[in-house]
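A short worksheet on the structure shown next.
Here, residue 1 is the first one in the sequence, and each next residue gets the next number.
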Amino acid sequence: MELMVDVAGGSVWVEDRGGDGTPVLMLHPNWGDSTIWAPVIDLLPASVRVIRFDARGYGRSPSATGPFTQVGDAIGILDRLAVSAAIVVGHSGGGATALSLALSRPDAVRALVLVAPGVDGYPWPADPYGAEFMVLFRANDRDGLVALGLRTWAAADPGKAAEVQIRGAVDAMFRQGSHEQDGPPVFDRLSQLHVPTRLVVGDRDQPTVIDCVTAVAARIPGSRLTVLPGVDHLVPLRAPQLLVDMINSECDRDS
């Protein structure tokens with residue numbers, strides 16, 4: 001089932017696959033939209049109730065027209081679909097949203113699967129990537145941003161599948177503008193999490209991301225971290241079966 005869900009000050013496109021099993025909410029990265037989950041969804045049992053959505057301005061969701069937060073939209077979607085609790089799978093920026101959701105609404109999260117996650121409040125070091133991104137963004141150099149995105153996030157395979165995600169994300173960043181607001185800082189609160197948590201990152205991801213994921217894993221009690229050899233940031237495109245195995249394991253735990 002596809003539907004447009006009203007959220008604070010706007011709407012987002014949502015797909016709810018249905019199924020009588022555990023709900024699984026999938027949150028896409030900033031450098032991709034909800035189609036990045038397709039290789040994973042195709043391998044999941046039909047009984048798993050997959051819920052995914054495009055963030056505002058991404059994919060099939062309208063552009064934002066006012067301030068919003070990703071975690072606010074995620075909460076709005078769960079409430080609209082009457083989902084009391086879900087396994088939450090978050091990739092990169094979607095991982096940051098998943099962590100914010102787990103801390104702001106702990107009753108709504110049964111388990112976390114965090115794929116190369118960011119986290120609000122992490123002390124990101126200055127690096128050349130961030131400076132180059134801002135120069136290109138201010139110059140409206142979309143081709144330059146795509147090239148930067150592929151070089152940074154798709155080092156293992158900057159092919160067609162990666163380019164579709166990166167190019168679509170660049171367009172979405174301009175549609176979204178400055179309306180997205182940062183979520184509350186949660187890095188220093190990660191020790192408060194008490195849900196089963198799995199983390200995965202590729203060893204060809206950016207070193208700053210690997211450092212962040214390692215720090216997040218160290219702060220979440222009982223979490224498990226998997227490092228994938230030869231895999232870059234776009235884990236759902238590179239290792240979908242691994243993510244399916246992690247999701248199925250959490251579904252089995254929940255049943």
Side-chain angles (χ1 to χ4, degrees), residues 24-32 36-37 40 55 69-75 85-127 129-130 133 152-153 155-156 180-240 242-247 249-250 253:
V24 175
L25 176 66
M26 294 183 155
L27 306 173
H28 68 74
N30 294 338
W31 283 93
I36 203 169
W37 295 117
V40 178
T69 63
Q70 298 287 4
V71 69
D73 285 358
I75 290 170
I87 294 168
V88 182
V89 184
H91 181 197
S92 193
T97 302
L99 287 166
S100 293
L101 176 62
L103 284 163
S104 61
R105 287 274 296 269
D107 59 316
V109 177
R110 297 179 178 182
L112 290 167
V113 177
L114 304 173
V115 184
V119 56
D120 291 305
Y122 178 74
W124 292 99
D127 65 0
Y129 160 77
F133 177 91
T152 305
W153 308 117
E180 181 180 351
Q181 307 297 298
D182 291 337
V186 299
F187 181 65
D188 289 336
R189 297 176 56 208
L190 294 178
S191 63
Q192 299 173 23
L193 285 172
H194 296 287
V195 295
T197 302
R198 295 169 179 252
L199 303 98
V200 57
V201 69
D203 68 358
R204 294 196 64 185
D205 207 328
Q206 288 297 294
T208 53
V209 173
I210 295 172
D211 289 346
C212 174
V213 175
T214 303
V216 169
R219 290 188 172 215
I220 299 176
S223 67
R224 287 177 282 174
L225 171 61
T226 300
V227 179
L228 300 176
V231 172
D232 56 33
H233 193 65
L234 304 181
V235 179
L237 302 182
R238 316 306 192 201
L242 175 83
L243 298 182
V244 167
D245 292 344
M246 289 183 173
I247 294 167
S249 177
E250 295 306 328
R253 182 204 303 268

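Residues Met26 and Val40 have side chains in contact (heavy-atom distance under 4.5 Å, counting atoms from C-beta outward). Under the 4.5 Å side-chain criterion, counting only non-hydrogen atoms from C-beta, Leu243 is in contact with Pro236. For the pair Val113/Val88, no side-chain contact is recorded, criterion being any heavy-atom separation below 4.5 Å from C-beta on. No side-chain heavy atom of Asp211 sits less than 4.5 Å from a side-chain heavy atom of Val213.
Shortest non-hydrogen contact noted between Pro117 and Gly95 is CB-CA, 3.9 Å. Minimum heavy-atom separation, Ala217 to Leu225: CB-CB, 4.1 Å. Residues Asp205 and Val201 come closest through the heavy atom pair OD2-CG2, 3.8 Å. The nearest pair of heavy atoms linking Gly72 to Thr69 is N-OG1, 3.0 Å. Of all heavy-atom pairs spanning Pro184 and Ser100, the tightest one is O-OG, 4.2 Å.
Side-chain atoms of His91 never come within 3.5 Å of backbone atoms of Trp37 as a donor-acceptor pair (strictly under, hydrogens ignored). Of the possible donor and acceptor atoms, none in the side chain of His28 sits under 3.5 Å from a partner among the backbone N and O of Gly94. The main-chain N or O of Gln206 is never found under 3.5 Å from a side-chain atom of Thr208 such that the two would form a donor-acceptor pair. With hydrogens and angles ignored, the 3.5 Å screen pairs a side-chain donor or acceptor of Asp232 with a backbone N or O of Ala156. Distance alone, capped at 3.5 Å, places no donor-acceptor pair between the Thr226 side chain and the Val200 backbone.
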**OP:** For Asp203 and Val231, run side chain to side chain contact (heavy atoms under 4.5 Å, CB included): C-alpha distance rounded to whole Å, both residues' side-chain angles, the deciding distance at 0.1 Å, then the answer.
**Re:** CA-CA 6 Å; Asp203 68 358; Val231 172; 5.6 Å; no
Practice problem: Under the side chain to side chain contact (heavy atoms under 4.5 Å, CB included) rule, what do Leu228 and Leu242 come out as? Steps first, then yes or no, please. | Solution: CA-CA 10 Å; Leu228 300 176; Leu242 175 83; 3.4 Å; yes
Let's go through Cys212 and Val119 carefully: what are the C-alpha distance in whole Å and the side-chain angles of both, what is the deciding distance for side chain to side chain contact (heavy atoms under 4.5 Å, CB included) to 0.1 Å, and is it a yes or a no?
CA-CA 8 Å; Cys212 174; Val119 56; 3.9 Å; yes
Exercise for review: Starting from the C-alpha separation in whole Å, work towards a yes-or-no answer on side chain to side chain contact (heavy atoms under 4.5 Å, CB included) for Arg224 and Leu199.
Suggested key: CA-CA 6 Å; Arg224 287 177 282 174; Leu199 303 98; over 6 Å; no
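Aromatic ring pairs are classed by plane angle as parallel below 30°, tilted from 30° to 60° and perpendicular above 60°; the pair Trp153 and His233 is tilted.
Here the OG atom belonging to Ser191 is positioned 8.0 Å from the CG atom belonging to Leu193, to the nearest 0.5 angstrom. Considering CG of Leu99 and CG of Leu190, their distance stands at 6.0 Å, rounded to 0.5 Å. Remark: Ile210 CD1 to Arg204 CZ distance equals 11.0 Å, nearest 0.5 Å. Expressed to the nearest 0.5 Å, how far CG of Leu25 lies from CG of Leu27 amounts to 4.5 Å. Atom CG of Asp120 sits about 6.0 Å away from atom CG of Asp182, to the nearest 0.5 Å. The distance from atom CG of Asp73 to atom OG1 of Thr97, rounded to the nearest 0.5 Å, is 9.0 Å.
Under the side-chain contact (heavy atoms from CB on, under 4.5 Å) criterion, Ser104 pairs with Val71, Ile75, not counting sequence neighbours.
Under a 4.0 Å N-O distance rule, the pair Glu250/Arg198 qualifies as a salt bridge.
Taking the six-membered ring wherever Trp is involved, the centroid distance between the rings of Phe187 and Trp124 does not fall below 6.0 Å.
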